[in-house]
Each structure stands twice: as C-alpha cells, then as structure tokens.
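Working notes, beginning with the structure itself.
Note that the structure is predicted; figures quoted are calculated from it, not measured. Naming: A, B, ... by sequence-line order, numbering from 1 per chain.
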There are 2 protein chains.
Amino acid sequence: MAKIIPNLSVDCVIFGFDFNQLNVLLVERKLDDEKTGKSLIDDWTLTGYHIFEDENFDTAAARILKGLSGLDNIYLEQFYAFSRLDRVNSPNDKLWLDHQSEGFSERIFTVGYFSLIDNTTVSISHNDRNVKWFPITDLPELGFDHKEILEKALEKLRAKLRSEPIGFELLPEKFTVSQLQRLYEVILGTKFDRRNFRKKVLQMKYVIPLDEKQKGVKHKPAQLFIFSKEVYEKTKTERFDFSI
Amino acid sequence: MAKIIPNLSVDCVIFGFDFNQLNVLLVERKLDDEKTGKSLIDDWTLTGYHIFEDENFDTAAARILKGLSGLDNIYLEQFYAFSRLDRVNSPNDKLWLDHQSEGFSERIFTVGYFSLIDNTTVSISHNDRNVKWFPITDLPELGFDHKEILEKALEKLRAKLRSEPIGFELLPEKFTVSQLQRLYEVILGTKFDRRNFRKKVLQMKYVIPLDEKQKGVKHKPAQLFIFSKEVYEKTKTERFDFSI
DNA sequence: TTTGCAATGTGTAATTTTTACGCATTAGAT
DNA sequence: ATCTAATGCGTAAAAATTACACATTGCAAA
C-alpha cells in the first residue's frame, strides 16, 4: 500500500440535482467526550482525503468518488487549490485531527474538485460516517475552511455552466426541457421564459429529441431528450463574448 | 527566515504583450560539466519557487513576481495545480535538481499562476539567471513539465479573456482601440472587423475615451482610452450564454 | 364519466445585436 | 507637395433575443 502524503489532500464538492434543488453532499463530523458522552463536535464537512504517493490529484479525487458512489465515470473538475495558513486551525478542527488515526500535525494544503452527479439515480454511502445531501440554500455549520471551498466551487460551477454544456451531468440520461430549465434557474439564480428557453434548447443540435415521453407524472407528459457529447464536440464554435 | 515546504512550489506563467505578440517570460536553465566544460543542460523554464511555511500560494506567487519586476500590484491568477507522478523526472530535470543548493529529493507538486503585464513598460530581471521574453508562437525547449503548464495557462487565459475584461492588464494605462483589438486577435487567434470591434468597445461604459492622442507614430494618431475597473464593477451584468 | 388540475407545446411581432462593407481624414516621412 | 499607413465614421441586412397567450394532454378526484 502506497504511503500518504501528509501535507496534501483533495476535497470533493459533490453537487447533485434532484429536479428541484442543487444539493451538495456532506459528511457528518461527530465527536463525543469519551467520559461524559457530551458532544464535542457536531458539524459537517466535504468529502476529502489525503493523497497517496502513487496518485496524482485527479486519481485521488476519482478514488474518493468511487468509494462513495461505486462509479468511476463521474464528472470531476479541479477548480482551486487552498492554502490559507489557518485553514484547519479552529479548536474543533485541531481536536478532530488529533482524534484521527493518522496523527496529522503538519500544515495541510488541499486541492478542490467539484463533481456533478444525478441525485435521483446515483446513490451514495460512506463506510463509517453519516453522509447527507443538503440543498445549497440551506447548509449546516461546516468544518475546516469548507465553507470557503464550497463557495469557490459554486462560483466556478456557475462560470463553467455559462460557457460549457456541463449541466447535463446533473440530469439522468433522458431528461425534459423543463428539468433542464429548472437546473439552470436554480444554479444561476435566474428565471427564463419557458418558450424562449425551449426555443434555445431546440436549436442546439447536441440536445437530441427522443421519440419517448415522460412517465408517471400526473400531468401532460413531456418529451424526453438526450445530450450528445459527440455532436457537441463536432459542432462547437468559440465565441467572442467579452461582454460580462 | 521561514522554512521552505519541500514538496510544494508555485510556478508563474508571466504573459506580456508588446502591441504585436503575446509573450511569455522564461528563465534559462544552463548547466555545464565542471571538468570538460561541455554543456549538460541548456533549455528554459517558467519562473517558480518553493513556498515558505509562512506563505500561502497567492503570497508566494506575488513574492516571485515582486522579485522579478519590483512591483507588487501585478495581475495574478491561480489557474491549476499540477501533480503528474513524473513531472520533474527527466534525466535533465533530475540532474538540475541535484545541482541546486537545496537538495530536493521528494516528489514536487506545483500550483500554477498566470500573470499579465505590460511588456512595454514593466522591466524584468533575475538575480543570477538569464531571463527572456519569448513569443508564444515561437517557444524554445522547456524543462520539467513546463510545456504542459504553459498550455494550460494559455487555455485558461483565453477562457477568462472571453468572459472578463482582463485584457487591459496587458496594456499600458492609456491605449488605443486597435492595440486592444490586436491583443484580442493574437490571444484568441481570431480576426475582427475594425469598425465593428470599435463599435463594441465604444459601447462599453468602462472603456473611457480620453481627450488625448497617441504620439510619435508616423500616421494619423489614434485616440487614447483608459479602462475603469470601478465602472466595470458597477455596471457588469451576468449573462446567460450557454452557447459555446 | 365528467371535471379539474398542472404542466406541456406552440407562433409571431418588436427590439436589439451582430455582421458586412467603403471612403474621407490625419500626421509624419520623403 | 506628395505619399503612406493607419484612424474614424455610418448604414443596411441579417440574426438573435425578448415579450407575450392559448390550446392540449393525462392523471386524479368527484
């Protein structure tokens, strides 16, 4: 087994979408006093771990994702490296690290990855800790500098969502136009006209209509679409925008 | 003096613009055999250095820039962290590291920053090594994984140039419309219609015309403009693009 | 069986933005 | 005085974006 690199970790900001909200996966950080049973720490953190000698950052992030989901074809993107001098330095953070089996005493740097998964079909579990999806509009107390990391991840996600078709990663393979619209609306915090949004999507050659309808809904079922990465790669053109 | 962190460095991709080409600053990596005098290594690298215990990545990058230019208000942006297992592993790279005063034996990770400076007014010098501007269209042999780092930097620079007004960082305070146009053309590798480009620039409230003309040119002197970050921040609006 | 509900699907006109394109002007150099 | 090289300006056509209303579908409830 390869050795851990003690001063470097990877943290994954795992985003999920449930057709309604953008969610982020957090793991519970719970520590009770051994004698009194009183709760010393009870908050949440991102999923992350140190990297091994035989890994690069990408493979470390993929390993973490695989451990949680069992999948290894999940969208992952490195977005920033964090190095604040006091990033793991609150009393709770120190207490927590002291109680971990590996005794980390060094300053720890971390490389942030964000991951996009479809909240409705991918199931996540953690070996020995409690994990839970939180809507990004309603987050609990976060440990370490994970609030900062999460905010940066969101910022980068929003920027990327505006310039590349990564939103589809958050939807099941087959999706409806209004699911896609809702996704854009909740992530970018905007509202679009339903007819104009549909018009825009229909003219994208890489969003392909299927001869198939939504099922199990109690209203008129919508047409299903798939995203074709191949068609996108073939037809994409760079655009001079320079507008924002 | 603070201690070095032996397995972490910052590499700066310093871009400059001379009204004609996009350039990158490189430092010469030269090593001769002590007996025979024969050249063992003669190539170029990015500017970079290890980070110190009392620094974060940003301050380390700023320190490097300050050392080269004397300035500390230069545009700097972290763009990616590099971790390939064999990133400093060629015979030349090993030989070079063996000859450095600090004997680095560990695997080294690096965080890439790109920097934008005005090639025509900022002057750069290195204490004890030869530095030189190279047009990005005509690069020499690069050491370590610096070719990969430079390519990633360019990719990120292009993406950012399309969505945010960072091009002005590469120009002197006062600039003409066609200098700006040339800048966009060489970085993005496109051509714009002169009249339409001007129209686009003139409608940007944050590009402010001066009552002043270019001097010392042997043709009709052009009007000068300045970029106002304040006006930009006040008037910017997010745009739904999603087109690329 | 009928009715109500909730969301889907469609078209057009007005406005704004983008594109294409040619000619007169200026200041230094010769 | 003339040449040169780049600036400065305007308009028409095309394309993209915006605003906006009503009929349809399928299930659920009455």
Side-chain angles (χ1 to χ4, degrees), chain A residues 18-21 120 162-163 165 171-172 174-186 188 190-226 235-244, chain B residues 18-20 120 162-163 171-172 174-186 188 190-226 235-244:
Chain A
D18 58 10
F19 299 143
N20 184 41
Q21 279 303 317
T120 62
R162 273 195 211 89
S163 62
L171 291 171
K174 300 175 183 180
F175 54 86
T176 72
V177 173
S178 41
Q179 286 165 353
L180 186 65
Q181 177 172 352
R182 175 76 191 165
L183 188 158
Y184 272 86
E185 289 181 341
V186 300
L188 300 181
T190 49
K191 272 282 180 189
F192 300 107
D193 177 85
R194 206 160 50 81
R195 283 157 293 187
N196 294 337
F197 187 90
R198 163 169 272 260
K199 209 185 301 175
K200 187 155 196 166
V201 170
L202 291 187
Q203 77 193 20
M204 297 171 182
K205 301 274 169 47
Y206 47 87
V207 178
I208 300 169
L210 298 177
D211 218 9
E212 203 175 332
K213 288 200 158 102
Q214 216 178 4
K215 271 180 194 150
V217 287
K218 63 178 185 188
H219 53 72
K220 179 175 177 178
Q223 190 179 14
L224 293 172
F225 292 78
I226 54 169
T235 60
K236 76 173 162 184
T237 53
E238 307 277 5
R239 287 223 334 181
F240 178 56
D241 194 300
F242 183 37
S243 53
I244 273 182
Chain B
D18 58 12
F19 298 143
N20 184 40
T120 62
R162 273 195 211 91
S163 62
L171 291 170
K174 299 174 182 180
F175 54 86
T176 71
V177 173
S178 40
Q179 287 165 354
L180 186 65
Q181 179 174 349
R182 175 77 190 163
L183 188 159
Y184 273 87
E185 289 181 342
V186 299
L188 299 182
T190 48
K191 270 283 179 191
F192 300 107
D193 177 86
R194 206 161 49 80
R195 285 154 294 188
N196 293 337
F197 188 90
R198 163 169 273 260
K199 210 184 302 174
K200 187 155 193 164
V201 170
L202 292 187
Q203 77 193 19
M204 297 173 183
K205 300 278 171 47
Y206 48 87
V207 178
I208 300 169
L210 297 176
D211 218 7
E212 202 175 333
K213 289 199 157 101
Q214 217 178 4
K215 272 179 193 148
V217 286
K218 63 177 183 191
H219 53 73
K220 178 174 178 178
Q223 190 179 15
L224 293 173
F225 292 79
I226 55 168
T235 60
K236 76 174 162 183
T237 52
E238 307 276 6
R239 287 222 335 181
F240 178 56
D241 194 301
F242 182 37
S243 51
I244 272 180

Taking only residues two or more places apart in sequence or in another chain, which ones pass side-chain hydrogen bond (donor to acceptor under 3.5 Å, both in side chains) with A:Q21? none

Starting at CG of A:L202 and ending at C1' of C:dT8, how long is that distance when rounded to a whole Å? 12 Å

Residues two or more places apart in sequence or in another chain: which of them pass side-chain contact (heavy atoms from CB on, under 4.5 Å) with A:T176? A:S178, A:Q179, A:Q214, A:A222, A:L224

Nucleotide D:dT7, atom P - distance to CG of B:L224 in whole Å: 12 Å

Report the residues that fulfil ring-ring contact (aromatic ring centres under 6.0 Å, His included) with A:F225, sequence neighbours left out, ordered by chain and then residue number. none

Let me know the distance between CZ of B:R194 and P of D:dG8, rounded to the nearest Å. 9 Å

For nucleotides 23-27 of chain D, list the nitrogen or oxygen atoms of the protein found under 3.5 Å from its nitrogen or oxygen atoms, one pair per line.
unit_1, atom_1, unit_2, atom_2, d
D:dT25, O2, A:K220, N, 3.4

Calculate the interatomic distance between B:E212 atom CD and C:dT26 atom P; express it in whole Å. 19 Å

Sequence neighbours excluded, which residues qualify as salt bridge (charged side-chain N to carboxylate O under 4.0 Å, His left out) partners of A:R195? A:D193

A:R198: partners by side-chain contact (heavy atoms from CB on, under 4.5 Å), with sequence neighbours left out: A:V177, A:L202

In whole angstrom, what separates B:K215's NZ from C:dT26's P? 18 Å

For B:I226, the side-chain contact (heavy atoms from CB on, under 4.5 Å) test, sequence neighbours excluded, returns B:E173, B:K174, B:I208, B:L210

Any A:R198 side-chain N or O less than 4.0 Å from OP1/OP2 of C:dT10: yes

Measure from CD on B:Q214 to P on C:dA27 and round the result to the nearest Å. 12 Å

Please round to the nearest 0.5 Å and tell me the distance separating atom CG of A:L183 and atom CG of A:D18. 10.5 Å

Check the distance between C:dA7's P and A:F197's CZ and give it to me in whole angstrom. 17 Å

Could you check how far CZ of A:R182 sits from P of C:dT8, rounded to whole Å? 12 Å

Could you report the tightest heavy-atom contact between B:F19 and B:L171, atom names first, then the distance? CE2-CD2, 4.0 Å

For A:K191, enumerate each residue passing the salt bridge (charged side-chain N to carboxylate O under 4.0 Å, His left out) test, keeping only those at least two apart in sequence or located in another chain. A:E185

Listing time: all N or O pairs from protein to nucleotides 10-14 of chain D that are below 3.5 Å?
unit_1, atom_1, unit_2, atom_2, d
D:dT11, O4, B:K199, NZ, 2.9

